[in-house]
Every structure is written in structure tokens, then in C-alpha cells.
2 protein chains.
Amino acid sequence: MDSTRTRRRRATINDVASAAGLSRGTVSRVVNGEKYVSPEAKMAVESAIAKVGYVRNSAARNLVRQESRAIGLIIHEPHSLLFEDPNIGSILLGANSVLSAADYQLVSLIIDTARDSQRVADYLRGGLVDGAVIISARTADPIATAVRNLGIPAAFVGHPPGTPDLPYVGIDNVSAARAIVERLLATGRKKVAMIACALDRDSGQDRLEGFRTAVGAAFRPDLVIEFPLYTYAAGADGMAELLRRHPDLDGVFAASDAVAAGAMATLQEHGRRVPEDVGIVGFDDSSWALRCKPQLSTVKQPADLLGRAAAELVLAQIEGKDAEVRMLETSVVWRESA
Amino acid sequence: MDSTRTRRRRATINDVASAAGLSRGTVSRVVNGEKYVSPEAKMAVESAIAKVGYVRNSAARNLVRQESRAIGLIIHEPHSLLFEDPNIGSILLGANSVLSAADYQLVSLIIDTARDSQRVADYLRGGLVDGAVIISARTADPIATAVRNLGIPAAFVGHPPGTPDLPYVGIDNVSAARAIVERLLATGRKKVAMIACALDRDSGQDRLEGFRTAVGAAFRPDLVIEFPLYTYAAGADGMAELLRRHPDLDGVFAASDAVAAGAMATLQEHGRRVPEDVGIVGFDDSSWALRCKPQLSTVKQPADLLGRAAAELVLAQIEGKDAEVRMLETSVVWRESA
DNA sequence: TTGTATGCGTTATCAT
DNA sequence: ATGATAACGCATACAA
């Protein structure tokens with residue numbers, strides 16, 4: 001490393017003040033762009049700053065101002081999701097754009113182990129952020145209750161049951177599911193089944209409810225098969241069982257795109273053509289949707305808007321307004337699988 | 001919101017001290033787990049802490065200790081790639097695990113606009129982090145030079161041309177690409193094309209260079225097609241164009257697995273069998289590789305190790321050791337696509 | 001083992 | 001318009 005990188009004591013406001021022959025107060029005013037500072041003083045301070053290489057110490061500033069102008073975004077996802085779900089990137093970007101416009105710094109904190117959980121809690125508690133967005137699919141998340149106890153402005157993206165009653169943003173799974181199933185029915189399907197998952201979460205429950213509403217009187221319990229998780233395997237196995245029960249079915253609503261991908265594979269193995277023989281629709285508009293052949297018709301979640309809305313919820317609380325739960329609109333993306 | 005969430009003034013060490021009937025010094029010692037504190041005092045302090053609800057103010061602590069025990073990780077990616085690139089998630093997790101073990105908090109800062117770039121630079125300058133990891137900086141990235149000028153311990157993941165001479169970790173994209181293309185050629189392919197991406201980064205440049213070296217005298221510019229990003233769409237479109245130019249090609253090197261997946265889809269749509277008619281190889285060994293049918297032969301990139309190594313480089317500098325550039329090994333994973 | 005006093009670098013209040 | 005001074009909350013060297 002060359003000499004320019006050797007670390008020497010950082011210049012303080014005092015150094016600038018004496019270099020400029022002015023007081024700390026004046027220097028501070030210049031640095032913060034306040035009024036009541038003469039052009040000459042401003043000049044002198046600016047060149048002194050350049051001369052001594054002054055940069056403001058944020059810790060000191062945060063201490064006296066009692067705020068950090070930073071918002072934490074806590075990512076607590078299983079590895080597989082962090083790797084593949086494009087939604088999380090969009091949420092991040094959405095939150096960032098809102099916070100950036102409000103001149104807040106978004107700092108993302110990831111939780112991978114229990115140790116992380118503790119450290120992140122400490123970080124939040126320490127006053128290094130003025131608020132937090134929590135994105136987490138997990139139920140009864142310890143960090144979530146920790147955040148609640150801190151009493152700092154916070155908002156969830158999604159709303160796993162068992163989490164503290166903090167404001168959250170989400171989508172209306174019931175009407176979204178209903179919309180895509182109605183679209184499926186509109187293609188002329190007569191016997192539509194569902195592979196339902198995660199009925200212990202509201203997303204799972206609500207998607208089933210939407211399905212039930214859409215099919216109406218044609219609803220039959222044995223056209224629904226349930227699995228605990230939104231997985232490819234659930235789709236593959238569930239489809240096999242449904243075909244055994246109802247070889248004549250001509251439509252399937254899978255609770256997620258991954259599930260749909262599994263179901264499609266089983267259908268094709270069993271010689272059913274998609275969409276000619278059986279139409280299939282999914283949910284999420286994740287990368288699975290494009291990797292299927294034919295590509296999946298599905299429900300698109302406005303991930304970036306979720307991030308934006310969550311950030312707005314936090315900002316509102318900081319400003320003392322109270323934050324309301326916000327439900328966002330989804331849209332049907334119609335491709336080739338139905 | 002109910003009453004427990006109303007914010008009141010945070011308790012300080014003084015509050016604890018008076019509640020416990022002891023001095024601030026003793027309280028501080030207890031909080032920091034230092035020796036020379038009697039069991040009785042410890043008890044008294046602990047219950048006082050619980051009573052007044054004390055949590056330490058990190059800004060104050062950081063100010064006096066002149067360190068933050070946090071490391072910034074700067075993500076500077078185009079929208080579409082953020083988190084859809086599985087490598088980023090792995091790098092994040094890898095860096096996090098190393099820093100977590102060393103009791104440092106990883107804070108991720110994303111740069112999406114010029115405004116972000118400025119704000120992140122301010123954040124780093126302010127002393128809110130003790131070091132930084134910069135991932136996928138692009139050529140002549142302003143934040144990269146800013147970090148260098150700050151003189152804080154830092155390391156790059158990857159090494160775009162034109163960036164400051166800071167330590168970095170990377171893989172040898174040239175020889176990795178060369179290795180897999182040679183393996184492809186060894187299957188008897190005579191006319192091998194490449195879908196190249198991201199030529200504004202070293203990874204893109206080097207993979208192309210590796211390809212060129214491997215094919216040697218058989219290299220022809222029109223067998224290479226270029227795209228700005230490593231995407232499925234680039235693969236699909238690029239393959240279509242290559243087939244138009246050279247209907248008789250029998251091998252393809254895609255610059256990433258996502259690109260290869262897109263290319264494979266196009267090949268199959270055009271009635272080419274993989275690997276019988278055309279052999280295809282990718283790069284990354286991401287989840288795309290396993291979901292393709294047939295599964296992709298590819299280069300395994302140790303993304304988590306890159307994150308770990310970069311974190312270690314930063315930690316080493318903090319400890320005053322000097323950090324050396326580290327190149328990590330890649331390996332060819334041979335499956336069914338070629 | 002405990003208490004006291006000083007300083008960390010800013011901002012903000014109040015004079016001037 | 002500028003300067004002096006008092007916080008902000010904590011850690012720590014030193015005194016007791």
C-alpha cells in the first residue's frame with residue numbers, strides 16, 4: 001500500500017476552525033448549509049476543509065441530533081429464497097427508492113444464524129437506525145418481537161400469523177387467486193382442481209378461499225389437495241394424486257409457481273398436453289414461470305411497490321402519523337399454460 | 001397503537017446508576033462485562049437495567065471508541081440482476097458468516113442512482129463502518145474511487161478494469177472459461193459459438209478471452225454475439241441469432257447458466273437436440289443448471305468463498321496486516337448438456 | 001472494587 | 001454574522 005493510504009488522525013471541526021481562523025460554530029453552519037454565514041467566511045471554511053481533509057463524524061452528529069437518518073431492512077429468509085426469489089430484490093429496490101428520496105439511508109441486515117439475530121437486534125437497539133422494515137416469511141420470528149419491544153417505527157412486508165401487531169403491507173391473496181381462477185374458467189374449463197399449500201399461513205388460506213369463491217357451486221372438496229409447503233415436490237405429487245382421483249380434470253390452480261412447475265411435469269409425464277388437455281395457472285410470477293414450458297400464466301405480485309409501501313409506512317411513523325395496513329393490487333399475467 | 005409503543009426518553013447510563021445507587025463507571029463495567037466488579041454490584045446494576053429499560057446508545061459508544069464494528073457491503077447492480085444472480089446471495093452470506101464470527105455487523109448498502117452513490121459515500125465517510133466490501137463494481141465506478149480516497153480498509157469482489165488498486169478476490173475467468181470450452185471441444189464439436197455478456201466487466205471480458213484462447217485458430221468474430229447483461233433473455237435471443245447466422249453450429253458456450261438456459265430453450269424450439277445436435281455449456285453452477293433439461297455442464301464458481309475471502313481481506317487490514325489479492329479455484333462440473 | 005473526571009466531535013442555544 | 005458554551009451518552013485513565 002502506498003503512502004496516501006496510511007491512516008492518520010481524522011481532521012475534526014476544530015482543525016478546520018483554526019485553519020480558517022473562525023469558530024466551530026461557523027464551520028458547522030457552513031458544513032450544514034445553514035444561513036447566516038458571510039460569503040467570505042464560507043470561502044475560508046471551504047478551503048480550510050479541503051486543506052485539512054475534513055469529513056464529518058456521523059457518530060458525533062447522530063449522538064447530538066438523536067437520529068441517524070437510516071432505516072434498517074431485515075432480511076430473514078431461507079437460503080434458497082435469498083438465491084432465487086427475484087421479489088426480494090425488487091422489494092429492496094422499491095424501499096430504497098422511497099427512502100432515498102426522503103434522504104434516508106437504507107441499510108440491509110441479513111439474519112442467517114441465531115448469532116446474527118442477536119447482533120442485529122443489538123444494532124437496531126443501539127439507535128443506529130431510526131426505523132426498520134422486516135421482510136420475513138417466517139412465523140413467530142424472534143427478531144420481529146424484538147423490534148416491537150424496541151418501539152421503533154417498523155413495518156412488515158407480508159404478515160405471517162403469530163407476528164406482533166405492527167403495520168404491514170401485503171397483497172389480497174383472496175381476490176388475486178379468485179381473479180386468476182376465473183380467468184382459467186373463462187377458457188372453458190369444466191373441472192378445475194387446486195393444489196393448496198401452507199394452510200397454516202394466511203397466504204395459503206386466502207388462496208384457497210379465492211379458489212373456492214371462483215369455482216362457486218362447482219366446488220368439491222376432493223378437487224383440492226393440501227400440502228404443507230410451496231414446493232415443486234408438492235406440485236408433482238399432488239398432481240399425480242389428483243389425476244388418480246379425477247382423470248378427466250381439465251384445469252389446475254397451483255398455489256405457487258414452483259408448485260405449478262411440479263404439477264406441469266407430472267401432467268406431461270402422464271401424457272397430458274398443456275394447455276390443450278389441461279390448463280394450469282400458478283402464483284407469484286417468479287422465475288419458475290418463465291422456465292416452464294409452456295410458460296406459466298400466473299399472478300404477479302407488485303414486489304417493488306411492496307417495498308415502497310413498507311418504507312412509506314415507516315416514514316409515516318417517524319413523522320408521527322399513524323400507519324395503516326396497506327393492501328396492494330396484483331395482476332394476472334397470462335401466458336401459455338392456460 | 002397501544003400505550004406500550006409510545007416513545008419515551010431512552011434511559012441512559014446515568015438513570016441506571018442512580019437507580020442502582022452506584023456510579024456510571026461501575027454500570028459501564030457491568031454492561032461491558034469487564035472484571036473488577038463485585039457480585040452484589042453486578043446484581044444491583046442488572047436489576048436496575050431491567051427496571052429502567054436501559055439499552056446502550058451505539059452512537060455514543062462508537063464516538064468514544066472510534067470504531068463501529070460494522071462493515072459495509074456495497075451492491076451496485078442493475079435492477080434485473082439484483083438477487084436474480086444467485087452469486088450475489090451467496091457472496092452476501094459468505095461475507096456475513098465471516099464477519100459474524102468476528103463479531104462485526106454486515107450492513108449492505110445498495111446503489112441504484114447517482115443520488116444513492118453520493119449518500120452511500122457519505123455514509124462510509126462518516127465513520128459508520130470500519131471497512132467495506134464492494135461487489136460487482138463496474139468499470140470506473142465512482143464509489144470505488146471514493147472508497148479508495150477515504151482510505152478505509154476495503155476489498156473488491158471481482159476486479160473491473162479501471163478501478164483503484166485496492167485488494168480484491170476473484171476467480172480466473174480466463175482459464176475457467178478456457179477449461180470448459182476445451183472440454184466441450186473434446187466431445188468432438190467442430191463449430192462452437194459463444195453468447196458473451198457484460199463486456200464492461202472483467203468477468204465478461206475474461207470469459208470471452210478464455211473462449212478465444214480455447215478455440216484458437218477456429219475463432220471467428222461472427223461466432224460470438226454480445227449482450228449487456230447475463231440474462232435468460234440474452235441467451236434466448238442470442239441463440240436465435242446465432243442459429244440464423246450459423247445453422248450448422250454444434251456447440252455453444254453461454255457466459256452464464258441463465259444465459260445457457262435461455263439458449264437451450266431456443267435450441268429446442270428450433271428442433272435441435274441437446275446434446276446430440278448441439279452441445280451447450282454454461283458458467284456459475286447456479287440453480288439454473290439443475291433445472292435445465294438436460295442438466296447443464298458448467299463451471300462451478302465458489303461464490304460463498306468469494307464473499308468470505310473478501311471479508312477476510314477487510315478484517316486483515318483492520319488488524320493492520322496487509323491484504324493480498326486472492327484468486328480462488330473454479331472447477332468444471334460435467335453433466336448432460338454436452 | 002468503586003467513583004470521578006475528562007474527552008470523543010457535533011449541534012444548538014444564547015450572547016455578542 | 002459570529003463566537004462561546006453547554007449538552008449528547010458513553011468509556012476510560014486515574015484517584016480513592
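Chain identifiers are assigned alphabetically (A, B, ...) following the order of the sequence lines, protein sequences preceding nucleic acid strands; residue numbering begins at 1 within each chain.
- Within 6.0 Å of CE in A:M43 there are 12 or fewer heavy atoms belonging to other residues, nucleotides or ligands.
- A:Y36 places its OH atom 14 Å from the P atom of C:dT13, with the value rounded to the nearest Å.
- A salt bridge does not link B:R119 with B:D122: none of the charged nitrogens is closer than 4.0 Å to a carboxylate oxygen.
- The residues A:E324 and A:R326 are annotated as not salt-bridged, no charged nitrogen and carboxylate oxygen being separated by less than 4.0 angstrom.
- A salt bridge is absent between A:D15 and A:R10: the closest approach of a Lys/Arg side-chain nitrogen to an acidic carboxylate oxygen does not fall below 4.0 angstrom.
- How far OG1 of A:T113 is from CG of B:N96: 7.0 Å, rounded to the nearest 0.5 Å.
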Where along nucleotides 6-16 of chain D does protein come under 4.0 Å, by heavy atom, of base (B) or sugar-phosphate alone (S), with - for untouched nucleotides? B-BBBBB----

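- Of the side-chain N and O atoms in A:T26, one or more sit less than 4.0 angstrom from OP1 or OP2 of D:dG3.
- Between the C1' atom of C:dT11 and the CD atom of A:E67 lies a distance of 12 Å, rounded to the nearest Å.
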